[in-house]
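All values below come from the heavy atoms of this structure, side chains included, with hydrogens, waters and symmetry mates left out. Start at 1 and go down the list; that is how both ligands and their atoms are numbered.
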Amino acid sequence: MTTFWNTRTGDLKPYVPGEQPREEDCIKLNTNENPYPPSPTVIEAIGQAACATLRLYPDPHCTILREAIAEHYRVKIEQVFAGNGSDEILSYIFAAFFGREPVLVPDITYTFYAALAQLWDVQLKAIPLAPDFSLELADYKKPCGGIIFPNPNAPTGRSCALEALRSVADYQRTTVLVIDEAYGPFGSESAVPLCAEYPQMLTVHTLSKAYALAGLRVGFAIGSEQLIAGLCRVRDSFNSYTLDRLALAAASAALKDQAYYRTVIDRIIKTRERIAPLLRAQGWTVIPSQSNFLFISHPQRRGIEWQRFLREHKILVRHFNMPRISEFLRVTIGTDEQMDRFLDVISP
Ligand code: PMP
């Protein structure tokens, strides 16, 4: 604590992102990035946008990108919000909708929610996952000040069915229900169609994973016009120009090249389905995953020891020193060659 900080800054528990190593020969399986490059049309769009018009501010309404998103999801542009990565949108969500009563979150989930809760003075109430790490959605049918969880959940990778989400939305009519679909394209059903029926439901998406654009920082949210207008009010009280001209052009191009991304996503899913049984055959516990990572443990070493051992072999994975999951590793699905090297290193 320094004398220059206010008490809020002193009390914060900031999120710790995964390591971004300086060495280029590491196999990076620690931050759920896409191992494949973005669509060539994205790179072309950045080239075109990198011109003299950079002297002008970007469109504060992110129109071209929101149009591309609205067209892809068949929703109105007024139902789409774009932001500088989905983390930024999550921050606006906490500021705009939460704070009156405790917000329900799974006990094991994306740890950034806890950091945001501190920042925006929101109480969280942890709802335990089942012993097999699945979400017990019946436990979310109780009075609260909002609900947020990823589907598929992180870092477990398990997803829940749309009908289960619908039953929560039927109960929670007056509190905002946020479904963070960061990993949705890798195997879970999107809740976007439910947003038409439930004005309290908001889905959050990122271009960092499925669209291979973690370095661009683009995310978006889809929901009722009321919710989107709330997010705009907070955004415009904080930073009117969250997406730059290059990001707007590149992200719009990405949304329009669905054929390329379908191939990339299918390849990642195929690798995941190839690797999971090979791990199980070697005695690993592998939580069924509908995401671009596997959540795994093995009795031979503690979770932290596996992480150190892999780091020595220049393979980065994520370990969370937290109750219930300290023996687990979260391993991003890389290319087939990267995963074969991972298997080689961990094999007896
Ligand atoms: N939600 C979840 C569940 C995540 O794991 C991540 C990635 N750390 C994000 C949101 C944020 O993604 P980004 O800010 O890159 O869009």
Side-chain angles (χ1 to χ4, degrees), residues 14-20 28-35 38 42 62 65 69 80-94 98 103 105-117 119 124 129 133 135 147-160 165 177-188 190-191 202-222 231 235 239 242-244 247-248 250-251 254-255 261 268 287 289-295 316-320 322 325 328-333:
Y15 176 72
V16 183
E19 182 185 353
Q20 293 291 344
K28 254 195 113 273
L29 307 177
N30 64 333
T31 47
N32 296 341
E33 289 140 333
N34 197 312
V42 168
C62 306
L65 173 57
I69 295 164
V80 180
F81 182 86
N84 191 271
S86 54
D87 278 347
E88 185 193 61
I89 299 177
L90 293 170
S91 188
Y92 296 148
I93 288 170
F94 272 71
F98 296 162
V103 170
V105 291
D107 62 338
I108 300 164
T109 195
Y110 184 28
T111 52
F112 190 51
Y113 302 152
L116 288 175
L119 178 64
L124 296 181
L129 295 180
F133 291 152
L135 274 159
I147 295 177
I148 183 165
F149 55 78
N151 190 33
N153 194 13
T156 61
R158 288 202 92 131
S159 69
C160 51
L165 295 179
L177 170 53
V178 181
I179 315 291
D180 179 347
E181 299 195 350
Y183 303 103
F186 300 101
S188 70
S190 174
L202 188 71
T203 60
V204 183
H205 310 253
T206 179
L207 271 69
S208 300
K209 320 289 178 183
Y211 289 93
L213 288 170
L216 195 70
R217 309 305 302 130
V218 180
F220 58 94
I222 299 178
L231 293 176
R235 190 255 331 264
N239 176 7
T242 54
L243 286 181
D244 62 59
L248 287 173
L255 258 294
Y261 285 109
I268 291 169
I287 305 302
S289 171
Q290 285 82 45
S291 57
N292 68 337
F293 55 84
L294 291 171
F295 201 50
L316 271 57
V317 298
R318 195 88 202 249
H319 170 258
F320 297 92
M322 288 167 54
I325 58 169
F328 280 81
L329 299 176
R330 192 196 65 191
V331 182
T332 306
I333 302 298

- Partner residues of Arg217 under the side-chain contact (heavy atoms from CB on, under 4.5 Å) criterion, sequence neighbours left out: Asn84, Asp87, Ser208
- Row check, Tyr92 ring normal vs Arg235 NZ/CZ: under 6.0 Å, within 45°: no
- Query: Does Asp107 have any side-chain contact (heavy atoms from CB on, under 4.5 Å) partners at least two apart in sequence or in another chain, and if so, which?
  - Reply: Ala126, Pro128, Leu129, Arg324
- Residues passing the ring pair (Phe, Tyr, Trp, His ring centres under 6.0 Å) test with Tyr110, sequence neighbours excluded, are Tyr15, Phe112, Tyr113
- Task: Taking atom types as modelled, find out whether Glu181 and Thr203 have a side-chain donor-acceptor pair closer than 3.5 angstrom.
- Result: no
- Task: May I ask you to test the Leu124-Phe98 pair for a side-chain heavy-atom distance under 4.5 Å?
- Result: no
Check ligand 1 for close polar pairs with the protein: N or O on both sides, less than 3.5 Å.
from	atom 1	to	atom 2	distance (Å)
ligand 1	1 (N)	Asp180	OD1	3.3
ligand 1	1 (N)	Asp180	OD2	2.7
ligand 1	5 (O)	Tyr183	OH	2.6
ligand 1	8 (N)	Tyr110	OH	3.1
ligand 1	12 (O)	Ser86	OG	3.2
ligand 1	14 (O)	Ser86	N	3.3
ligand 1	14 (O)	Asp87	N	3.0
ligand 1	14 (O)	Arg217	NH2	2.8
ligand 1	15 (O)	Ser208	OG	2.6
ligand 1	15 (O)	Arg217	NH1	2.8
ligand 1	16 (O)	Ser86	N	2.7
ligand 1	16 (O)	Ser86	OG	2.7
ligand 1	16 (O)	Thr206	OG1	2.5
ligand 1	16 (O)	Ser208	OG	3.4

